[in-house]
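Encoded as structure tokens, the structure appears first; notes follow it.
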Amino acid sequence: MGNYLAMRILTSIITLVGIILYSALTINAATAITITLYSIFKLSGLLIDILHGENQLQHRMDLTGISYFIQGMLFLIAFIVVYQFTNSLNLALIIMTVSTIAAGALFDLKATARFQRITIEFDKKAITSLLVECAPAVIAGIACSAASSIPRQYLSSYAGSAALGAYSSAAAPIAIVQMGASYIYNPLLSYFAESYTKGEKTTFLKLFIKTLAGIALVGVVCSIGMSVFGEKILVFVFGTTIKQYAYLLQPLVICAIFTGTMWFLNDLLIALRSFRATLISSILSLIASLIAMVPMIAVFSLNGVTITNIIACSTSIVFMLYCLFTIFRNRFKTSKEKLG
């Protein structure tokens, strides 16, 4: 764990430096400072996630849940109180970061230390090896993010910033679907890895089917919820002008189900150490997005972004399912041969 923790600290520093440089070159100083502070806030939470990974290996996701609750309550209170009295977003972000670090230091470090000795080790060879091993997954994540963000940027250039603003506002509540999907499968990834390693075919398949069914159920519930409350939520949050864009919600829910499924398969392949498959699937997703976005947005306007994302996700899903089938068949075929 020591070298992995060191690697994550190193990559976080490199990321932060990159964000600072990019912000300094592309936007005004005041906005750049805010973005930098927000980046530090997010990176502090990502470092705590390393400890959550150890909790998951020990099947103690309850500790992770408590940690998220503590973090959430602390930075929510910090934001409301500080922003209310100072009207300073930057100061609020600083206090939110401090509260997150405090939660990690006072709760997570102690909780995880019960299972694993927490150290930071800077073994150059080991860290280099980890960077090389994890590089495909990192590139895959960048490609996947680009596949969904580039069509939005094209919409802005095609139909104007107002269209992008309306689309982004309508898409905001749909994050619930993807969050719900991740909450279903994240606690199960270690169980997938265990059943795969032990050659427990039936357990693996049952988990796989139940996870997909759970993601689908979240989608159905959210679809019903959005059909009843979606327009009201949009109007309450963004005002009456957004009402005309409520038609975007249902396609966005469908897109979120595809996205949640794609990320599940991606994370499952990572758990099975199939980094090359995740890289190729993400590149295919990006290619599909670049090919589809121009005609889809031209024909379907704002919904064209959603349809493009569905096409991109579907392309990735099909390839990853093929990879999983191949890995699964070879693994359990090998297990049978050993038993024979």
Side-chain angles (χ1 to χ4, degrees), residues 15 18-19 21-28 31-32 34-35 38-39 42 137-179 181 219 222-223 226 230-231 234 237-239 241-263 265-266 278-320:
T15 300
I19 290 170
L21 291 175
Y22 181 80
S23 299
L25 293 172
T26 58
I27 53 179
N28 61 69
T31 306
T34 302
I35 289 174
Y38 179 75
S39 300
K42 293 299 292 183
V138 174
I139 297 170
I142 294 171
C144 235
S145 298
S148 62
S149 61
I150 290 176
R152 292 194 183 203
Q153 297 306 312
Y154 177 73
L155 174 67
S156 179
S157 63
Y158 178 83
S161 57
L164 176 61
Y167 182 86
S168 298
S169 299
I174 307 302
I176 296 171
V177 184
Q178 289 174 239
M179 291 287 286
C222 288
S223 179
M226 287 299 167
E231 184 178 305
L234 288 179
V237 176
F238 300 107
T241 55
I242 198 67
K243 186 175 181 179
Q244 61 181 311
Y245 298 103
Y247 71 92
L248 296 170
L249 288 173
Q250 287 302 325
L252 279 165
V253 171
I254 295 171
C255 181
I257 297 171
F258 276 87
T259 304
T261 302
M262 179 187 70
W263 280 112
L265 297 176
N266 179 81
T278 64
L279 175 59
I280 296 172
S281 69
S282 298
I283 292 173
L284 289 174
S285 173
L286 176 58
I287 292 171
S289 178
L290 293 174
I291 293 173
M293 69 177 184
V294 174
M296 290 300 105
I297 292 174
V299 174
F300 299 103
S301 190
L302 275 66
N303 265 331
V305 177
T306 305
I307 295 171
T308 298
N309 286 335
I310 291 174
I311 292 171
C313 288
S314 300
T315 304
S316 180
I317 288 169
V318 169
F319 180 78
M320 285 192 287

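Remember, predicted model here, so these are calculated numbers, not experimental data.
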Spatial distance of atom [atom1] ([X]) from atom [atom2] ([Y]) [nearest 0.5 Å]:
X: F319; Y: S281; atom1: CZ; atom2: OG; answer: 6.5 Å
X: M320; Y: T261; atom1: CE; atom2: OG1; answer: 9.0 Å
X: L286; Y: S148; atom1: CG; atom2: OG; answer: 10.0 Å
X: I291; Y: I311; atom1: CD1; atom2: CD1; answer: 10.0 Å
X: C222; Y: L249; atom1: SG; atom2: CG; answer: 11.5 Å
X: R152; Y: S156; atom1: CZ; atom2: OG; answer: 11.5 Å

Any donor-acceptor N/O pair, [X] side chain to [Y] backbone, under 3.5 Å:
X: S145; Y: G141; result: yes
X: S282; Y: T278; result: yes
X: E231; Y: K243; result: no

Compare all side-chain heavy atoms of [X] with those of [Y] and state whether any distance is below 4.5 angstrom.
X: W263; Y: N266; value: yes
X: V305; Y: M293; value: no
X: L164; Y: L302; value: no

**OP:** Only counting residues at least two apart or in another chain, list the ones meeting ring-ring contact (aromatic ring centres under 6.0 Å, His included) with Y154.
**Re:** Y158
Between [X] and [Y], which heavy-atom pair has the shortest distance, and what is it?
X: A163; Y: A159; value: CB-CB, 3.7 Å
X: P251; Y: I310; value: O-CD1, 4.3 Å
X: A256; Y: Q178; value: O-CG, 3.9 Å
X: I242; Y: S169; value: CD1-CB, 3.8 Å

Original post:
Picking from V253, I254, T259, I257, what satisfies side-chain contact (heavy atoms from CB on, under 4.5 Å) with I174?
Top reply: V253
Original post:
Would you say Y247 has more than 12 foreign heavy atoms packed within less than 6.0 Å of its OH?
Top reply: yes
**OP:** Count the heavy atoms of every other residue, nucleotide or ligand shown that sit under 6.0 Å from OH of Y38, and state whether that count exceeds 12.
**Re:** no
Original post:
Got a sec, which pairs hit side chain to side chain donor-acceptor pair (under 3.5 Å) with one end in residues 288-317, sequence neighbours left out?
Top reply: Y167-T306
**OP:** Mind checking side chain to side chain contact (heavy atoms under 4.5 Å, CB included) for T31 and listing every partner two or more places apart, or none if nothing turns up?
**Re:** I27, N28, I35
